[in-house]
Amino acid sequence: MSSSIRVRFAPSPTGMFHVGGARSALFNWAIAERSGGTFVLRIEDTDANRNRPEWTEGIISALAWIGIDTGSPVFEGPLYQSHQEPQHRAAVARLQADGRAYHCACTRDEVIARTGDSNRGYDGFCRDRGLAEGVVRFRTPDEGGTVVEDLVKGTVEFPNSAMEDFAIARSDGSPLFVLANVVDDIEMRITHVVRGDEHLSNTPKQQLLWDALGTTPPVWAHIPVIVNEKRQKLSKRRDKVALEDYRAEGYLADAMVNYLMLLGWAPADDREILPWSDMAQEFRLENVNTSPAFFDVKKLRAINGEYMRALSPEEFTAACEPFLDPSWDRKVFAELAPLAQTRLAVLSEIGELVDFAFLAEPVTDEAAWNKAMKEPAADLLKAAAEAYADAPWNAEELKTRLEEVGLRFGLKLGKAQAPVRVATTGRTVGLPLFESLEVIGREVTLARITAAISRLA
RNA sequence: GCCUCCGUCGUCUAGUGGCCCAGGACGCCGCCCUCUCAAGGCGGUAGCGGCGGUUCGAAUCCGCUCGGAGGUACCA
């Protein structure tokens with residue numbers, strides 16, 4: 001039973017991979033992987049995607065980034081849905097032959113004129129007229145309710161009286177999305193449909209169609225949507241939702257996956273940081289929350305930081321590579337990288353932390369300069385330059401010497417280091433100073449201190 | 001309008017009648033450590049939308065109410 005599971009994942013056809021879609025994909029992936037089932041990717045918008053293959057490419061590459069590999073044995077796809085295939089028309093015809101659907105010639109205005117209510121749906125006027133043309137409508141049950149058994153939401157009952165005879169094919173005969181969607185799911189032997197709960201309201205229609213087509217409906221699981229700080233569903237226009245953007249900013253895929261899985265689900269123990277293998281093993285749709293979750297970048301950053309600190313120095317250095325200027329000396333960077341590892345939340349911040357070591361002149365932050373270069377900065381820098389002129393060039397010694405210099409001015413190291421830091425790195429905050437000086441060398445250090453002295457003069 | 005879903009610290013959550021005067025994590029605040037900034041350690045802040053029931057006992061069950069979200073096309 002569980003080995004025959006086939007989950008369907010349908011990213012939205014917008015050419016951009018939404019974080020909500022990513023989470024949904026991950027949930028699907030987890031249950032498919034754990035049960036040894038099949039993950040079916042379907043891009044639902046036929047026309048848009050047929051004309052823009054790069055959109056599909058983008059989605060596949062985003063999926064690959066978070067570990068959903070198109071080469072995996074439990075992956076099947078991509079599959080485009082077309083609602084113009086023969087089997088869709090055949091299904092419409094079958095439904096009509098079975099008396100489950102009928103032609104209707106009413107216009108919207110006619111319906112409103114009859115019901116006197118623009119809020120109500122179709123009134124069933126053509127139900128028994130035996131027409132041969134027009135839109136095809138599905139004959140909805142008059143009484144009772146349609147019960148959707150949902151793994152996440154539980155038992156949800158929709159009164160049939162609130163469901164109009166909805167259209168399944170246009171008057172030109174072309175099948176509509178709802179119908180095609182169900183037909184394809186049946187054909188692909190989908191057993192589990194896991195999607196955002198914005199689809200819950202349309203589920204009874206689909207379920208009716210599954211039944212009418214003589215097939216047992218799949219297991220439904222409607223997961224809560226992800227919302228913004230205003231508690232609205234994440235929108236492409238307002239919110240930053242493209243998974244690709246987070247990759248570009250320097251979030252680690254593992255951290256992203258971990259965070260996304262935590263949105264609406266929590267492992268049994270108190271762990272929040274845990275490997276994918278554990279999550280996939282423990283994940284149950286039944287344990288997914290029912291309420292919407294806010295996408296909190298602050299927490300994402302914190303988790304990303306955890307993952308970055310857990311990296312070995314080599315892994316961290318490698319992870320930084322895409323965010324480094326090509327001209328920077330990688331040997332020098334390798335020395336600096338371990339110092340930077342605990343000091344950033346996302347990889348894209350690496351540049352501003354280490355650029356001083358590669359540029360001819362440090363980028364000087366004026367506010368930092370004004371703050372650090374107060375009396376007796378000039379004299380202190382002169383003394384430091386002297387002390388450093390003949391110092392053995394290692395961090396330990398550089399620290400000791402500056403400490404001594406500071407003492408002469410009645411300053412502790414915390415104060416005394418500030419002018420030197422700004423002179424050599426351009427900023428008041430940054431990597432450990434003396435290790436940094438060791439890396440850039442005596443010549444560069446002295447040159448920068450001298451330059452600062454003359455600027456102060 | 002009608003239908004459906006949702007409502008525990010600012011945020012993500014644990015919690016399915018007593019173990020909860022509600023636990024963890026992020027954030028925030030403070031202290032320690034410290035060459036700056038981080039990291040790390042320690043401590044703190046803050047919550048069951050409201051009202052009525054049921055019960056010896058309710059975050060947990062029921063009703064109402066308020067608030068939020070989504071759906072409702074000859075769109076996909």
J.: Among B/rU72, B/rC74, B/rU36, find the nucleotide with the atom closest to the side chain of A/Arg170.
T.: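 When the side chain of A/Arg170 is considered, B/rC74 is the closest of B/rU72, B/rC74, B/rU36.
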J.: For the atom pair CG (A/Leu176) and NE2 (A/His88), what is the distance rounded to the nearest 0.5 Å?
T.: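 That separation rounds to 12.0 Å.
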J.: Choosing from B/rG40, B/rC3, B/rG70, which nucleotide comes nearest the side chain of A/Ala162?
T.: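 The answer is B/rC3.
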J.: Distance alone, cut at 3.5 Å: any donor-acceptor contact between the side chains of A/His222 and A/Arg195?
T.: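 Checked: A/His222/A/Arg195 side chains pair up, N/O donor to acceptor below 3.5 Å.
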J.: Mapping A/Arg137 and A/Glu435 onto RNA chain B by nearest heavy atom, which one lands closer to the 5' end?
T.: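 Its nucleotide being nearer the 5' end, the pick is A/Glu435.
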J.: Considering only nitrogen or oxygen atoms on both sides, find all protein atoms under 3.5 Å from nucleotides 12-14 of chain B and state each distance.
T.:
from: B/rC12; atom 1: OP1; to: A/Arg231; atom 2: NH2; distance (Å): 2.5
from: B/rC12; atom 1: OP1; to: A/Phe294; atom 2: N; distance (Å): 2.8
from: B/rC12; atom 1: O2'; to: A/Leu262; atom 2: O; distance (Å): 3.1
from: B/rU13; atom 1: OP1; to: A/Gly264; atom 2: N; distance (Å): 2.6
from: B/rA14; atom 1: OP2; to: A/Asn289; atom 2: ND2; distance (Å): 3.2

J.: Tell me the partner of B/rC61, counting only Watson-Crick (N1-N3 plus N6-O4 or O6-N4) or G-U wobble (N1-O2 and O6-N3) with both under 3.5 Å; none if nothing fits.
T.: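 Looking at the geometry, B/rC61 pairs with B/rG53.
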J.: Who is the Watson-Crick or G-U wobble partner of B/rU4, with both distances under 3.5 Å?
T.: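 With both distances under 3.5 Å, B/rU4 matches B/rA69.
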J.: In whole angstrom, give me the gap between the C1' atoms of B/rA22 and B/rG17.
T.: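 So the two C1' atoms sit 14 Å from each other.
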J.: Measure from the side-chain heavy atoms of A/Val156 and tell me the nearest of B/rC74, B/rC35, B/rU4.
T.: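 Comparing B/rC74, B/rC35, B/rU4 against the side chain of A/Val156, the answer is B/rU4.
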J.: Distances under 3.5 Å only, N/O to N/O: pair up the protein atoms with those of nucleotides 46-49 of chain B.
T.:
none

J.: Checking A/Lys205 now: which residues fulfil salt bridge (charged side-chain N to carboxylate O under 4.0 Å, His left out) with it, not counting sequence neighbours?
T.: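 Per chain and number, A/Lys205 pairs via salt bridge (charged side-chain N to carboxylate O under 4.0 Å, His left out) with no residue.
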J.: Which one, B/rG40, B/rC35, B/rG70, comes nearest to the side chain of A/Arg309?
T.: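 Output: B/rG40.
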J.: Do we see a donor-acceptor contact under 3.5 Å between the side chains of A/Thr107 and A/Asp109?
T.: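 Result is no, nothing qualifies.
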J.: Any side-chain heavy-atom pair from A/Val227 and A/Val225 closer than 4.5 angstrom?
T.: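 In contact.
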J.: Going through the distances and angles, do A/Asp355 and A/Arg427 end up as a salt bridge (Lys or Arg N to Asp or Glu O under 4.0 Å)?
T.: CA-CA 11 Å; A/Asp355 62 0; A/Arg427 302 184 178 94; 3.2 Å; yes
J.: A/Lys205 has a side chain; which of B/rC5, B/rU72, B/rC26 sits nearest to it?
T.: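 Closest nucleotide among those given: B/rU72.
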J.: Mind checking the CE-CG spacing from A/Met261 to A/Leu274? Nearest 0.5 Å is all I need.
T.: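 Separation between the atoms: 8.5 Å.
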J.: Measure from the side-chain heavy atoms of A/Ala302 and tell me the nearest of B/rC37, B/rC74, B/rC26.
T.: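 Of the candidates, B/rC26 comes closest.
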J.: Scan every strand shown for a Watson-Crick or G-U wobble partner of B/rA25, both distances under 3.5 Å, and answer none if you come up empty.
T.: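 Base-paired to B/rU11.
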J.: State yes or no: are the ring centers of A/Phe295 and A/Tyr259 separated by less than 6.0 Å?
T.: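 Between A/Tyr259 and A/Phe295, which both carry aromatic rings, the centre distance is below 6.0 Å.
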J.: When all nucleic acid strands are considered with a 4.0 Å heavy-atom cut-off, which category describes A/Pro159: base, sugar-phosphate, or nothing?
T.: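 Result for A/Pro159 = sugar-phosphate.
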J.: Can you confirm whether the side chains of A/Arg421 and A/Thr425 place a donor and an acceptor under 3.5 Å from each other?
T.: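 Absent: no donor and acceptor within the cut-off.
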J.: Please tell me which of the listed nucleotides, B/rC5, B/rC74, B/rU36, lies nearest to the side chain of A/Asp197?
T.: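 For A/Asp197, the side-chain atoms sit closest to B/rC5.
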J.: For A/Glu157, answer base if it contacts any base atom (sugar-phosphate contacts may also be present), sugar-phosphate if it contacts only those atoms, and nothing otherwise; contact means non-hydrogen atoms under 4.0 Å.
T.: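 Sugar-phosphate, no base atom in range.
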J.: Nearest to the side chain of A/Lys153 - B/rG40, B/rC6, B/rC3?
T.: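 Output: B/rC6.
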J.: Between B/rC6, B/rC3, B/rC74, which nucleotide gets closest to the side-chain atoms of A/Val135?
T.: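 Selected nucleotide (nearest to the side chain): B/rC74.
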J.: Checking side chain to side chain contact (heavy atoms under 4.5 Å, CB included) against A/Val152, which of A/Asn287, A/Val288, A/Asn289 comes through?
T.: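 Testing each of A/Asn287, A/Val288, A/Asn289 against A/Val152, the sole residue satisfying side chain to side chain contact (heavy atoms under 4.5 Å, CB included) is A/Val288.
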